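Values in this document were obtained by computation on a predicted structure and should not be read as measured data.
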Amino acid sequence: MSAREAAFGALLRELRRAKSLTMEALAEASGVSVRGIGDLERGRRAAPQRRTVAALADGLGLDDTERERLLAAARAGRTPGYSPVGVRSFPRGIDDFVGRADELARLEALAGPPEEDGAPGAGGGAPQAHPVVVAVHGPPGTGKTTLALRAARRLADRFPDGQLMVDLRGTDDSPPAPSELIVRVLKALGVPDRDLAKAGPQTHPALYRQVLADRRCLLMLDNARDEAQVRPLLPGSGGTLVLVTSRRMLTGLDDVHRLPLGRLEPAESAAFLASLVGTDRAAAEPEAVEEVARLCAHLPLALRVAGNWLATRTGWSVRRLADRLAREERRLDALSAGDVQVASAFYLSYRQLTPPAARLFRRLSLVPGPDVSAACAARLTGQDLYDTEDTLEELVEAGLLGSSGDRYRLHDLLCLYGRCRLAAEDGTADIERARRSMFRWLLETAVVAGRWYEPGHGAPPPSWRGTVDLSSADKARDWLHAEAANWLAALHAAAADGDHATVVEVAESLHWFSDQWMFWGHWPEVFRTAARSAEALGDPLLAATQLNYSAWAELMCEGRPRDSLRYSARALAAARRAGDRVQQAWAHQYAAWAHHLLGEGGPAAGRFAEAVALFQAAGDLYGLLQALLGRAMRLRDDGRDEEALEVFRQVLTRLDEAGDGIQPHIAAFTRVSALAGTGISYSRLGRWDEAVEHLRTSVELSRTEGNIALESRYLNVLGDVLLTAGRTAEAREVFTRCVALGPDADARRVAEARSRLAGLETG
């Protein structure tokens, strides 16, 4: 503590006591915190800025002479001769900045409102006791520095004591040490070399904190390597805004605001390209511009390279560049303009990884789907699960991997870069071994998960030792949803490798689960692939089974009854060759449904009857219940609603009698359909209350079971019944609920619900 600082504190205490004010009373009158006043009086803080002194003078009620005396003591107490020199020149390229409106707005809010000289800080008090630190982080090429510079330009007037940009060179082999950076900042702030030499290296950090303590500066620490490099550069008090940019998340820093950056929105990407190549040129080829943006994965660095390439090649069409980028194996090479290369930007981060993290990064490029779990990633390297989780988090921290919940995702261009490194550093045999290990695990786990929904299976056997939690049907369903793109690719790979038995086993295990996720969109290819594998195995019973599943997928998932009939006909022929009555019955059942949807009542009734008889003869309760539902619906469509109601009651009675003897998910699926069918028949008879009651029960059971496909279907039916019954407000609520169900709903039902709502709006 210097004598000058002590003089200000002593004078402040003297004036406060002369006015008979406590620290609390002065704090209330001036807006300066009690702690701030105490620190000033005890000399623990450097003398304050003019706006704080003015606030204290007002709170003390000083006359002009006393006010000037206090201001003079404050001026004398400040560090002499240290006049900050702000960095006010910015790199080229910032003028074509596009997007990031939310991020800029957040930075402006964190910076606080502009302050006038002589006014107290935000909220009417002294300058903030602690600086605001914002860590702007994200993958290479997301424009972190550009955003920070843009914000610095906007906010410059709010920081009159200086704006400084310091390049921390975090991607260099030997980045500057914090001690070197501290000296650099102190010199920029006007501290003379003689004072630095007099203070000595050991006291430079204290001098650094002292110089910044009562100044309102904007300090940009660009391209930070890690927390250890940044931490000593964070001032402990004062009104400084510190913007730290880094490829790393800098998780170890405390008391910081975090601002993650990702890709631009598609519209922002197109606008950015247009700003680089010219609006007229972009407007002439809007589809090509959108394609270039997509192939650049909406990454700002890649977009800039692509835009600069076109800007310097005026004879090129945008389409020509889009076609060049479409070649996946050459895309990273194409994203190069002079000394600016996307691949080089990625390499700077990649080379800093530990060997296990670099290996996993390369092998994550083998994942066929958009994201992956830790358990699946572990199969790529042979690490145990916990080590894999640590390695994945290292990649997240390094900005090379995104995460959402327990899923991890490689940015599209980073995935391409990973493949390049994989080809360069891993042997062909090792790559194939890793891929096969992952695919084998995916298919084995899919079988165990799917069997939760299969009669006679349920929970995994005690002998199963998996690395994912499949302890309930809901968890099994969540896993099948999350890894769908990955296990589907594994299924195709198994078929291509001639592993037909595995393909059939996977499809069989997922048969009843498919009812729970009817509109996923890939069931036709799953079951068609399995049917081809079954035929390759030369087993007519397996072929009949998978062909029947294909008939179901064409009929129920795709809404193509005519195509379904071709599969059910092939299934019936194969089932007859195998001498299997159950698969013959299913072939008749699906054919009956197809005729029913095509409005061919006669063939439908005959096929339903055949199915009922064959299921009864085979003693197959599951099939019989579905065939009875079909018969009831056929009766209803023939106008025989009382008879239909009786058959629906038979189905519900059989379900009640079977109790625990029937697989719960199949029982629920069947009960939903029977209740809905009953409600529809009651509505046709004008028995509205009974109709609504049964349909509401059906909808709620669908929701409880998580079967969004059925929920969307019967919400629409319920809405139509309510409309016909004159209960418009209830109908509007039901249709609104259907529209909000999301992508797993039946898109046709959602479209119908939207249409109904539009009709209600127009009267």
Checklist entry - Per the side chain to side chain contact (heavy atoms under 4.5 Å, CB included) rule, which among Thr678, Leu629, Val612, Leu628 passes with Val647? => result Leu628

Next on the checklist: Thr391 and side chain to side chain contact (heavy atoms under 4.5 Å, CB included): which single residue from Thr381, Leu401, Leu360, Leu353 fits?
Outcome noted: Leu360

Checklist entry - What pairs of residues pass the side chain to side chain donor-acceptor pair (under 3.5 Å) test when at least one of them lies in residues 452-464, not counting sequence neighbours? => result none

Checklist entry - With sequence neighbours left out, which residue pairs that include part of residues 358-369 fulfil the side chain to side chain donor-acceptor pair (under 3.5 Å) condition? => result Tyr350-Arg362, Arg362-Glu425, Arg362-Asp426, Arg363-Asp426

Checklist entry - Yes or no on salt bridge (Lys or Arg N to Asp or Glu O under 4.0 Å) for Arg654 and Glu657, after CA distance, side-chain angles and deciding distance? => result CA-CA 5 Å; Arg654 285 177 181 268; Glu657 291 172 348; over 6 Å; no

Next on the checklist: As a test of understanding, state which of Tyr567, Tyr549, Phe615, Tyr622 forms a ring-ring contact (aromatic ring centres under 6.0 Å, His included) with Trp586.
Outcome noted: Phe615

Supply the atom-to-atom distance [X] [atom1] to [Y] [atom2], rounded to the nearest 0.5 angstrom.
X	Y	atom1	atom2	answer
Asp746	Ile708	CG	CD1	12.0 Å
His694	Thr697	NE2	OG1	7.0 Å
His298	Leu413	NE2	CG	10.5 Å
Trp523	Arg528	CH2	CZ	13.5 Å
His588	Leu614	NE2	CG	5.5 Å
Glu290	Leu295	CD	CG	12.0 Å

Are any non-hydrogen side-chain atoms of [X] and [Y] less than 4.5 angstrom apart?
X	Y	answer
Asp371	Ser404	no
Asn707	Val672	no
Gln589	Phe608	yes
Glu328	Arg419	yes
Leu722	Arg696	yes
Arg649	Leu652	no

Checklist entry - salt bridge (charged side-chain N to carboxylate O under 4.0 Å, His left out): which pairs involve residues 560-584, sequence neighbours left out? => result Glu535-Arg570, Glu554-Arg560, Glu558-Arg560, Arg560-Asp563, Arg562-Glu600, Asp563-Arg566

Next on the checklist: Strictly by salt bridge (charged side-chain N to carboxylate O under 4.0 Å, His left out), give each pair with a member in residues 480-498 just once, sequence neighbours left out.
Outcome noted: Arg407-Glu483, Arg436-Asp497

Are [X] and [Y] close enough that a side-chain donor and a side-chain acceptor fall under 3.5 Å?
X	Y	answer
Tyr408	Glu393	yes
His137	Arg258	no
Asp474	Ser472	no

Closest contact, heavy atoms only, [X] versus [Y]:
X	Y	result
Ala357	Leu395	O-CD2, 3.6 Å
Trp487	Leu443	O-CD2, 3.7 Å
Ala297	Asp412	CB-CB, 3.9 Å

Item to check | Side-chain (Glu265) to main-chain (Ala267) donor-acceptor, under 3.5 angstrom | outcome: no

Checklist entry - Under 3.5 Å, side chain of Ser712 to main-chain N/O of Ala745, donor-acceptor pair present? => result no

Item to check | Short N-O contact, Arg435 and Glu432, less than 4.0 angstrom | outcome: yes

Checklist entry - Between Glu505 and Arg451, is the closest basic N to carboxylate O distance under 4.0 Å? => result yes

Next on the checklist: Which residues pass the ring pair (Phe, Tyr, Trp, His ring centres under 6.0 Å) test with His522, not counting sequence neighbours?
Outcome noted: Trp520

Next on the checklist: Going by ring pair (Phe, Tyr, Trp, His ring centres under 6.0 Å), name the residues that satisfy it together with His595, two or more places apart in sequence or in a different chain.
Outcome noted: none

Next on the checklist: With a sphere of 6.0 Å drawn around CZ of Arg327, does it hold more than 12 non-hydrogen atoms of other residues, nucleotides or ligands?
Outcome noted: no

Next on the checklist: If you count heavy atoms of other groups shown closer than 6.0 angstrom to CG of Asp660, is the number above 12?
Outcome noted: no

Next on the checklist: Run the side chain to side chain contact (heavy atoms under 4.5 Å, CB included) test on Phe513 and Leu480 for me, step by step, so that the C-alpha distance in whole Å, both residues' side-chain angles and the decisive distance to 0.1 Å come before the verdict.
Outcome noted: CA-CA 9 Å; Phe513 168 73; Leu480 288 165; 3.8 Å; yes

Checklist entry - Arg703 and Glu700: salt bridge (Lys or Arg N to Asp or Glu O under 4.0 Å), yes or no, with the steps? => result CA-CA 5 Å; Arg703 184 188 59 78; Glu700 290 310 308; 3.0 Å; yes

